[in-house]
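Worksheet: one structure, shown below.
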Amino acid sequence: MVMPMREQKVKICKGPGCKAWSSDRIARELLEIREALDLNEVRVCRVPCMKVCGGGASIRVNRKRNIVKLKHAEDVLGALGLNNKGAFA
């Protein structure tokens, strides 16, 4: 039985350093993945520079203090606790 997922807010930095690490592409691909997997509980938000530049695009899930550095949209699914099919990992 699949448990319903609570709402997840994914904040993706849109600062110049993160744009250099393809944050625009990651946000776009994450929206496509969300739609394809029917993950309506996932909200993707572009936010101003998080001031944690370098090493990948800065992503924060929900209100957690940790900022994750990602280089691929699929990596966000892991941060949400999902596998690539939209089920909990």
Side-chain angles (χ1 to χ4, degrees):
M1 180 170 141
V2 176
M3 302 267 310
M5 186 170 85
R6 66 181 172 86
E7 183 176 280
Q8 304 275 347
K9 185 183 247 186
V10 179
K11 296 179 180 178
I12 302 175
C13 180
K14 62 181 179 180
C18 288
K19 281 188 177 187
W21 282 98
S22 303
S23 66
D24 289 333
R25 179 184 51 78
I26 290 171
R28 186 176 55 253
E29 288 178 6
L30 182 57
L31 287 169
E32 291 170 4
I33 290 169
R34 182 189 81 149
E35 215 173 279
L37 297 177
D38 198 28
L39 297 173
N40 297 322
E41 302 86 2
V42 175
R43 289 185 47 209
V44 179
C45 307
R46 300 301 314 272
V47 297
C49 184
M50 294 180 178
K51 308 283 189 220
V52 188
C53 305
S58 297
I59 311 281
R60 177 179 280 141
V61 178
N62 295 320
R63 294 181 169 223
K64 293 181 182 175
R65 295 180 63 135
N66 295 344
I67 293 175
V68 180
K69 300 303 229 166
L70 302 178
K71 297 174 183 151
H72 305 285
E74 297 82 19
D75 297 338
V76 177
L77 294 177
L80 293 171
L82 300 169
N83 62 26
N84 64 356
K85 294 180 176 59
F88 286 103

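With hydrophobic clusters built from ILVMFWY side chains whose heavy atoms lie under 4.5 angstrom apart, Ile59 does not share a cluster with Val47. Cluster membership for Ile67 and Ile12, using ILVMFWY side-chain heavy atoms within less than 4.5 angstrom, is not shared.
Although no hydrogens or angles enter the test, the distance criterion places no donor-acceptor pair under 3.5 Å between the side chain of Ser58 and the main chain of Met50. A distance-only check finds no donor-acceptor pair linking the side chain of Lys14 to the backbone of Ser23 [under 3.5 Å]. With hydrogens and angles ignored, the 3.5 Å screen pairs no side-chain donor or acceptor of Arg46 with any backbone N or O of Lys11.
Taking each heavy atom of Asn66 and Arg60 in turn, the nearest pair found is O-CG, 4.0 Å. Across all non-hydrogen atoms, the minimal contact from Leu70 to Ile26 is O-CD1, 3.7 Å. Nearest heavy atoms, Gly15 versus Cys49: CA-CB, 4.1 Å. Closest heavy-atom contact between Cys13 and Pro48: SG-O, 4.1 Å.
Atom SG of Cys53 and atom NZ of Lys69 lie 6.0 Å apart (nearest 0.5 Å). A distance of 9.0 Å separates CG of Leu39 from CG of Leu30, quoted to the nearest 0.5 Å.
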*Quick one: do Val61 and Val68 satisfy side-chain contact (heavy atoms from CB on, under 4.5 Å)? Show the steps, please.*
CA-CA 8 Å; Val61 178; Val68 180; 5.8 Å; no
